[in-house]
There are 2 protein chains.
Amino acid sequence: MSKEISLQALQRLPLYLQYLKALPADKDIYISAKVLSSALGLGEIQVRKDLAAVSDGGKPKVGYCAAELIKDIENFLGYDNVNDAVLVGTGKLGKALLSYDGFKAYGLNIVAAFDSDPGKCGIDESGKQIFHISKMENLCERMKIEIGIITVPAASAQEVCDILVKSGIRAVWNFAPAHISVPAGVLLKNENMAASLAVLSKHLSEKRVCENNSNSI
Amino acid sequence: MSKEISLQALQRLPLYLQYLKALPADKDIYISAKVLSSALGLGEIQVRKDLAAVSDGGKPKVGYCAAELIKDIENFLGYDNVNDAVLVGTGKLGKALLSYDGFKAYGLNIVAAFDSDPGKCGIDESGKQIFHISKMENLCERMKIEIGIITVPAASAQEVCDILVKSGIRAVWNFAPAHISVPAGVLLKNENMAASLAVLSKHLSEKRVCENNSNSI
DNA sequence: GCTATATCGATATCCTAATATCGATATAGC
DNA sequence: GCTATATCGATATTAGGATATCGATATAGC
């Protein structure tokens with residue numbers, strides 16, 4: 001375990017996790033790569049290779065122990081040690097993410113939010129504190145926050161990102177529809193809804209429906 | 001133009017669009033692949049190849065005409081002919097997307113929303129009508145809606161998707177953290193926040209910071 | 001008008017990821 | 001306890017995308 005893994009494989013791991021957690025939490029449930037692959041619409045060999053990177057093996061004839069697998073994947077992804085995060089920009093999307101209580105399952109804990117509008121500061125309906133953005137650097141450094149979530153308009157995304165980096169953030173999750181740049185050592189992950197829309201729109205504009213099977217992206 | 005394009009290239013097109021639109025809307029602005037690539041953190045040849053798929057060419061020494069390029073990309077992606085969509089699930093995320101007025105720039109128009117909770121039906125604060133889910137099939141068929149956006153809890157995602165497909169939807173945009181399956185001919189695009197979180201979490205759990213440059217994903 | 005050069009576009013190469021093939025192994029069933 | 005087989009894991013092959021190389025071309029500057 002903790003071997004090499006491709007970016008694609010890494011991003012498939014939560015899929016396995018989601019499926020495995022939906023199974024009855026019996027200690028002796030075993031599942032084969034074949035079952036997993038057909039349930040998730042993936043290739044069987046691909047599943048086996050992905051799992052090989054995180055677990056120390058399944059058993060012939062029965063497959064992988066589901067409970068073990070969950071533990072291995074969560075451990076591999078670092079979901080066991082919770083990551084604290086801050087969110088910047090409390091518009092509609094920001095508030096939606098603040099209120100979403102599903103993140104804790106992924107080891108993500110949003111501890112506070114920031115906004116440049118003093119009128120928005122205070123306690124959010126989610127119960128979380130919204131501070132003025134001028135307080136960010138100090139708070140992040142004191143609390144050793146490592147993840148910053150950007151939900152501001154495109155125009156201010158780079159500016160906000162720079163402050164986050166200055167505050168010691170090591171991973172940025174960007175929801176703004178803008179390209180931003182970060183120094184080496186800081187990870188930038190764009191949540192690219194525009195890219196998704198491009199795929200949808202292109203598919204629909206191709207009036208001739210190509211009846212292929214690999215239609216999930 | 002309208003040649004072959006890879007899925008990755010397709011998803012990069014909105015990036016170019018966003019950058020080009022930020023330029024002054026002068027008719028005679030030209031931009032080279034070199035400038036574009038360094039501004040967006042991409043490879044120069046990659047940019048040239050991507051643009052070759054949508055436009056009918058740049059000029060040596062000066063590059064591509066920005067205004068032409070915008071037109072070509074939007075045309076290629078089908079952003080000019082607006083796509084009507086419906087949204088299912090009016091929780092926090094659903095409401096956030098309903099209120100987001102940036103979609104129209106991508107040719108997406110959410111015409112109505114649906115929820116299984118009769119208490120949530122009526123006019124949303126965004127001004128859009130929320131109907132009971134039982135009305136969905138009829139409305140989608142009458143209005144020839146082709147895009148369905150799923151923002152319901154994971155447990156009901158597949159059920160909702162099935163209704164959408166039955167209603168004639170041809171492209172599904174799934175925000176639920178669940179694997180769902182669609183018949184051939186229908187495109188499924190997962191907006192996979194769990195996958196993004198996996199990348200972030202893994203990066204942070206690797207305590208030894210690999211100081212590589214390709215840190216944007 | 002001429003030349004030097006920035007830039008494009010096509011072809012070729014490399015690299016990563018997905019898929020196929022085949023032997024190994026432990027379990028289920030008798 | 002024995003055998004047949006479902007499944008795993010390793011190696012090899014294929015496919016796709018990203019990158020490099022090189023010649024072509026039209027423009028900018030003189």
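Chain A is the first sequence line, chain B the second, and so forth, proteins listed ahead of strands; every chain is numbered from 1. As the structure is a prediction and not an experimental result, all values here were calculated from the model. The figures that follow rest on heavy atoms only: side chains count, while hydrogens, waters and symmetry mates do not.
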Residue mapping more 5' on DNA chain C - nearest nucleotide basis, Pro60(A) or Leu42(A)
Leu42(A)
Please report the distance, rounded to the nearest Å, between NZ in Lys49(A) and P in dC22(C).
18 Å
Provide, to the nearest angstrom, the distance between the CD atom belonging to Gln46(B) and the C1' atom belonging to dA10(C).
17 Å
Check every atom of dA28(C), dT7(C), dG17(D) against the side chain of Lys34(B) and return the nucleotide holding the closest atom.
dT7(C)
Starting at atom CD of Gln11(B), determine the distance to atom P of dG17(D), rounded to an integer number of angstrom.
11 Å
Just how far, in rounded Å, is P of dC8(C) from CG of Asp56(B)?
14 Å
Taking only N and O in the side chain of Arg48(B), is any of them less than 4.0 Å away from OP1 or OP2 of dC8(C)?
yes
Strictly distance-based, threshold 3.5 Å: is any side-chain N or O of Ser37(A) a donor or acceptor partner for the main-chain N or O of Lys34(A)?
yes
Please confirm whether the shortest side-chain N or O distance from Tyr64(A) to OP1 or OP2 of dG9(D) is below 4.0 Å.
yes
Among dA18(C), dC8(D), dT27(C), find the nucleotide with the atom closest to the side chain of Glu44(A).
dC8(D)
First encountered from the 5' end of DNA chain C, between Gly43(A) and Lys59(A)
Gly43(A)
Applying a 4.0 Å non-hydrogen cut-off, can you work out what Ala33(A) is touching in the nucleic acid: base, sugar-phosphate, or nothing?
sugar-phosphate
Lys61(A) side-chain proximity, nearest of dT7(C), dA17(C), dT27(C):
dT27(C)
Tell me the interatomic distance from Leu69(A), atom CG, to dC8(D), atom C1', rounded to whole angstroms.
13 Å
Bend across the helix from dG1(C)-dC30(D) to dC30(C)-dG1(D), to 10°, with axes taken over 5 pairs at each end?
40°
Can you check whether Val199(B)'s main-chain N or O pairs, donor with acceptor, with Gln11(A)'s side chain at less than 3.5 Å?
no
Residues Lys21(B) and Glu74(B) bridged, charged N to O under 4.0 Å:
yes
Would you tell me if any nitrogen or oxygen in the side chain of Arg12(A) comes within less than 4.0 Å of OP1 or OP2 on dA18(C)?
yes
Does the ring centre of Phe103(B) sit less than 6.0 Å away from the ring centre of Tyr100(B)?
yes
Whole-Å distance between dC8(C) C1' and Leu36(B) CG?
14 Å
Those residues that, when tested against Ala113(A), pass side-chain contact (heavy atoms from CB on, under 4.5 Å) (two or more places apart)
Leu87(A), Thr90(A), Leu98(A), Ile130(A)
Rounded distance (Å) that lies between atom P of dG17(D) and atom CG of Leu7(A)
15 Å
Check the orientation of Trp173(B) and Phe175(B). Use parallel for under 30°, tilted for 30 to 60°, and perpendicular for over 60°.
tilted
Figure out the CD1/C1' separation between Ile45(A) and dC22(C), and round it to whole Å.
12 Å
Identify whether NZ of Lys or CZ of Arg in Lys59(A) sits under 6.0 Å from the centre of the six-membered ring of Tyr64(A) and within 45° of that ring's axis.
no
